[in-house]
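Down below is the structure, laid out as structure tokens.
Quick note on labels: first sequence line is chain A, next is B, and so on, each numbered from 1.
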Amino acid sequence: MSLYEAHKVEEKWQKKWAKDGLYNTNFEDEDRKKYYNLVMFPYPSGDKLHIGHWYNFAPADSWGRYMRLKGHNVFEPIGFDSFGLPAENYAIKHGIPPAKSTAKNIQYMRKQLQAMGTMYDWNQELSTSSPEYYKWTQWMFLQLYKKGLAYKKKSPVNWCPQCQTVLANEQVQEGKCERCDAEVTKKDLTQWFFKIRNYAEELLNFDGLDWPRKTVLMQKNWIGKSVGSEVVFNITNGENSTQSDKTITVFTTRIDTLFGATYMVIAPEHPLALEITTENHLENVKDYIEKAKKETDIIRSSETREKTGVQTGSFAINPVNGKVIPIWIADYVLATYGTGAVMAVPAHDERDYAFAKKYKLEVIEVIKPKNGESDIEKKAFTEYGVLVNSENFDEMESEEAKEKITEFIKEKGKGDFKVQYKLRDWLISRQRYWGAPIPIVYCEKCGEVPLPEKDLPLELPEGVDFNPKGKSPLATAPDFVNTKCPNCDGPAIREVDTMDTFVCSSWYFLRYPCANNKDKAFDTARVNKWLPVDMYIGGPEHACMHLLYARFFTKVMRDLGFINFNEPFKKLVHQGLITKDSAKMSKSKGNTVAPDEFVEKYGSDVFRMYLMFMGPFTEGGDWNDSGIKGIARFVDKFYDLIYSQQEGKNDDALKRNLHRTIKKVTDDLDKLQFNTVVSTMMEFTNAALKTRIDPDSKRIALQLIAPIAPHLAEELWEYLGETESIFNSEWPGYERELLVDKNIELVIQVNGKVRAKKEVDANIEKDDAIKIAKSLNNIQAHIEGKEIVKEIYVPGKLVNIVVK
RNA sequence: GCCGCGAUGGCGGAAUUGGUAGACGCGCAGGACUUAAAAUCCUGUAUGGGUCACACCAUGUGAGGGUUCGAUUCCCUCUCGCGGCACCA
């Protein structure tokens, strides 16, 4: 039976910490350096806290506690990302209003989070679905609207037939709805967008950010900058007929291949597609466009799929040499990127090459490799090289030709340099109930009118029928379809769409330090003092959406003069994924693991430490409960060490061990290597149980374990007679000279192979070390009769004798 | 296809700038305690050979090669796994 009663102790301290307000942040504290320690706030689903939450929050909390012990004024808030589809789906299924089920879930999760023993500042709790919060989300919308960063556009959008809602491209995973997994189709709708593209260039700059390289790379990829040129082609509807006034512009990164353009391809969705098609091709083209509409982007973009296309009967005139080339329509060209049209250079582009071979189109070589040969009869040559068949530009290198040719056509008014981004504007409208309503009204007289700020929040009406019927549920709310214009008081209707939940989560970190402010979204002075967030911990799945949107919002707020910093998150860390039998845990697979039963059995400290001990924090791992016993045993041993272990003499070995442990734990915590923090504490405990331990060393051991086992440490701290919380104590330092032992085990190698070990004085000189080495039997056996070529001595470590 | 990351005992994993591979934990085996079990404690535990037992020897960090006195660590080639992006013009 263990002496340590985890449950009693954990409950005792959770109550006391709350009563004392230990973790309530003093935002005005000028003595300590501020530290904003943030985790990605949870979505309050009915599943309660799962292992993934624990794996994120518990180590993040340990990090916060460590920073506090290091003397920082740590602000560690928590809240709930409580708008969203699951609550709405739940409501549709069970008839319980989202507000109700959400409130219930939050209440339960709050309890679990408290039982975890985290140092959250509950005074600053927020949830995005409360009117006190979404009032300010709506305010944010109005700021972007006034700045011209919010606009409406009719566009083909992804439509999920099951959720009866629109999905952003970013939310479609493998052709399926990210949340419900239904096959996604297309539909034309008028939607609200945020102009995130205005910030594309600045969002590529990560200077001064301590982010995982991987995440930076992913965002850069997502934004997808390419530098190239635009070229304008005039259109003619017959090979020999006169030229029309129509033009098609293409974007290319390889204008050096312009002389090799032998045809043009436009996307089926290109606005001119039908217009330029001649009579005899019309039927064909219409057929093709219809087919393309039915294909999902995924099928269209499948690499293994054979390329298809149809001729329009029209021709384009290459501005550089007047060459007349046929215009085709093919679905391998996407309307959403660039201009929706490309010049095809089959000799130097693989896709164009495959297409040209299939439809027997001309291939003209215009780039030769600088060294060696290429064979365009066999495949396209896609690298840079030297121009041929390019008139005045012959013999020029690709790099130079890109500039010279662009300048040439620019003079003729047929093109220019151009930078293109893959990033699309952010589609924020949702035809859903459970989100923040968009504060816009449509007046018969005044048109589109933003709601005055004083009228916020525009509250979600109750009793709305939110069963999906292809329209926004709010279209059935009387207040929304029948309202007054704030301008002229005339009849008007409200916007019935709500906002993407990513809007809510794009600014919550600004709200936390002022979560109770009723007059402002955030307090400029406090936010400027407390942000950027010093540490942000959350899943890597948010690399391209949430983390990009949050950066965008921060930059917009800066440009509007509300804040004075450029980036929201100074340091970012992603926790790894916890799997079960190497598969992602999910309710549908039935392979979820409930943390509660383990917390019940062993206590939260043990569970927290076990999660940390499993492996490196950023790598995650496969859940297996067989090892948790080891942590429970360790906690008992550690408790015994502090509680029962007799005071021993403060001997030298213990002291050196202690200081080495301080250094190792400090270094590893700095790198968030919690797994080796646990094992280091185990080693120390095992050793100290043998040597006995003095009270001062006990206190230090408690401080070292406090970040990863807060209740245990606090309890024993009190037992040792301390009256202040251990989390108000100061992190121990170590003495450098105590890190090494007086004696070392010298390793002796012959030709790099270990042949003997010998305990010697740590400061032994090279000559003495080699002399001792050679005197050993086993070494003599290995060097006997051989010529010594070299003798290597690594101070304090090893001797290597090289023989021939 | 491209980009990134990874591969170490039966298992999770550890290993400063290249310097004792396998820390710590789980599991397993043997022993102590117990009427017995659980719990706890002690000992052992990479593989093969060798020894009564040590000593000792060989092999060994996905595969093959290279650099080096010395490689889990650096370089090249390949295989497999994971994550991201993907007809991006």
Based on the glycosidic angle (syn within 90° of 0, else anti), state the conformation of G9(B). syn
Of the candidate nucleotides [options], which contains the atom at the shortest distance from the side chain of [X]?
| X | options | result |
| --- | --- | --- |
| N800(A) | C69(B), A15(B), A89(B) | C69(B) |
| D331(A) | C87(B), G25(B), A14(B) | C87(B) |
| K629(A) | G27(B), A89(B), C87(B) | G27(B) |
| N778(A) | A89(B), C56(B), G19(B) | C56(B) |
| P616(A) | C85(B), A14(B), C24(B) | A14(B) |
| I792(A) | G19(B), A14(B), A89(B) | G19(B) |

So which protein nitrogen or oxygen atoms get under 3.5 Å of nucleotides 6-12 of chain B's nitrogens or oxygens?
{"residue": "G12(B)", "atom": "O2'", "partner": "M614(A)", "partner atom": "O", "Å": "2.6"}

Apply side chain to side chain contact (heavy atoms under 4.5 Å, CB included) to L746(A) and K757(A), showing your working. CA-CA 6 Å; L746(A) 186 70; K757(A) 292 169 189 177; over 6 Å; no
Roughly how many Å apart are [M] and [N], using the [atom1] atom of each and rounding to a whole number?
| N | M | atom1 | answer |
| --- | --- | --- | --- |
| A15(B) | U61(B) | C1' | 11 Å |
| A46(B) | A21(B) | C1' | 10 Å |
| G48(B) | G84(B) | P | 41 Å |
| G22(B) | U45(B) | P | 12 Å |
| A58(B) | A71(B) | P | 14 Å |
| G50(B) | C42(B) | P | 33 Å |
| G25(B) | U77(B) | C1' | 37 Å |
| C75(B) | U67(B) | C1' | 7 Å |

Please give, in whole Å, the distance from [N] [atom2] to [X] [atom1]?
| X | N | atom1 | atom2 | answer |
| --- | --- | --- | --- | --- |
| R351(A) | A89(B) | CZ | P | 7 Å |
| Q673(A) | A14(B) | CD | P | 8 Å |
| R633(A) | A38(B) | CZ | P | 12 Å |
| I631(A) | G13(B) | CD1 | C1' | 12 Å |
| Q420(A) | A89(B) | CD | P | 10 Å |
| M343(A) | C88(B) | CE | P | 14 Å |
| F634(A) | C41(B) | CZ | P | 13 Å |

Value rounded to 0.5 Å, distance of CG in L334(A) from NE2 in H270(A): 13.0 Å
Going from CE on M343(A) to OG1 on T262(A), what distance comes out if it is rounded to the nearest 0.5 angstrom?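 Interatomic distance, M343(A) CE to T262(A) OG1, rounded to 0.5 Å: 10.0 Å.
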For Y263(A) and D352(A): C-alpha separation, side-chain torsions, deciding distance, then whether side chain to side chain contact (heavy atoms under 4.5 Å, CB included) applies. CA-CA 9 Å; Y263(A) 60 98; D352(A) 298 345; 3.7 Å; yes
Side-chain N or O of N686(A) versus OP1/OP2 of A23(B): is the shortest distance under 4.0 Å? no
Any side-chain N or O of N777(A) less than 4.0 Å from the OP1 or OP2 oxygen of A55(B)?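 So the side chain of N777(A) is outside the cut-off, no N or O lying under 4.0 Å from OP1 or OP2 of A55(B).
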Does the R351(A) side chain pair with the main chain of Y332(A), one donor and one acceptor, at a distance under 3.5 Å? no
Output yes when a side-chain donor or acceptor of N778(A) lies under 3.5 Å from a complementary backbone atom of R755(A), and no otherwise.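 Checked: pair present.
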Taking the nucleotide of RNA chain B with the closest heavy atom to each, which residue, E683(A) or F251(A), is nearer the 5' end? E683(A)
If you assign R254(A) and V754(A) each to the RNA chain B nucleotide with the nearest heavy atom, which residue ends up on the more 5' nucleotide? V754(A)
Name every donor-acceptor pair, under 3.5 Å, that has one atom in a side chain of residues 792-804 of chain A and the other anywhere in the protein, sequence neighbours excluded.
{"residue": "Y793(A)", "atom": "OH", "partner": "I764(A)", "partner atom": "O", "Å": "2.9"}
{"residue": "Y793(A)", "atom": "OH", "partner": "G796(A)", "partner atom": "N", "Å": "3.4"}
{"residue": "N800(A)", "atom": "OD1", "partner": "N751(A)", "partner atom": "N", "Å": "3.4"}
{"residue": "N800(A)", "atom": "OD1", "partner": "G752(A)", "partner atom": "N", "Å": "3.0"}

Distances under 3.5 Å only, N/O to N/O: pair up the protein atoms with those of nucleotides 3-5 of chain B.
{"residue": "G4(B)", "atom": "O3'", "partner": "R213(A)", "partner atom": "NH2", "Å": "3.3"}
{"residue": "C5(B)", "atom": "OP1", "partner": "R213(A)", "partner atom": "NH2", "Å": "3.0"}

Output all residues satisfying side chain to side chain contact (heavy atoms under 4.5 Å, CB included) with K410(A), sequence neighbours left out; order by chain, then residue number.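 Once residues adjacent in sequence are excluded, the partners of K410(A) under the side chain to side chain contact (heavy atoms under 4.5 Å, CB included) criterion are D416(A).
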Just to verify, what does E383(A) make a side chain to side chain contact (heavy atoms under 4.5 Å, CB included) with, not counting sequence neighbours?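 Side chain to side chain contact (heavy atoms under 4.5 Å, CB included) check on E383(A) returns F381(A).
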Run the salt bridge (Lys or Arg N to Asp or Glu O under 4.0 Å) test against [X] and tell me which residues pass, sequence neighbours left out.
| X | result |
| --- | --- |
| K220(A) | none |
| E683(A) | none |
| E362(A) | K323(A) |

Between the protein and nucleotides 42-46 of chain B, which nitrogen or oxygen pairs are less than 3.5 angstrom apart?
none

Please tabulate, one pair per line, each protein N/O and nucleotide N/O from nucleotides 58-61 of chain B that are separated by under 3.5 Å, including the distance.
{"residue": "A58(B)", "atom": "OP1", "partner": "R755(A)", "partner atom": "NH2", "Å": "3.3"}
{"residue": "A58(B)", "atom": "OP2", "partner": "R755(A)", "partner atom": "NH1", "Å": "3.0"}
{"residue": "U59(B)", "atom": "OP2", "partner": "K753(A)", "partner atom": "NZ", "Å": "3.3"}

Test of ring centre spacing under 6.0 Å for [X] and [Y]:
| X | Y | result |
| --- | --- | --- |
| W328(A) | Y288(A) | no |
| F674(A) | F617(A) | yes |
| Y602(A) | F598(A) | no |

For residues 624-635 of chain A, dump all side-chain donor-acceptor pairs below 3.5 Å to protein atoms at least two apart in sequence or in another chain.
{"residue": "N624(A)", "atom": "OD1", "partner": "S626(A)", "partner atom": "N", "Å": "2.9"}
{"residue": "N624(A)", "atom": "OD1", "partner": "S626(A)", "partner atom": "OG", "Å": "3.0"}

Do we get R551(A) above W222(A)'s six-membered ring, with its NZ or CZ under 6.0 Å from the centre and within 45° of the axis?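 Because its charged atom misses either the 6.0 Å distance or the 45° angle limit, R551(A) does not stack over W222(A).
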Pairs under 3.5 Å (Watson-Crick or G-U), crossing ones as [ ], inter-strand ones as |: RNA chain B comes out as (((((((..(((......[....)))((((((.......))))))((((......))))..(((((..]....))))))))))))....
If you apply the rule side chain to side chain contact (heavy atoms under 4.5 Å, CB included), what do you find for M682(A) with F638(A), and how did you get there? CA-CA 8 Å; M682(A) 285 175 169; F638(A) 185 85; over 6 Å; no
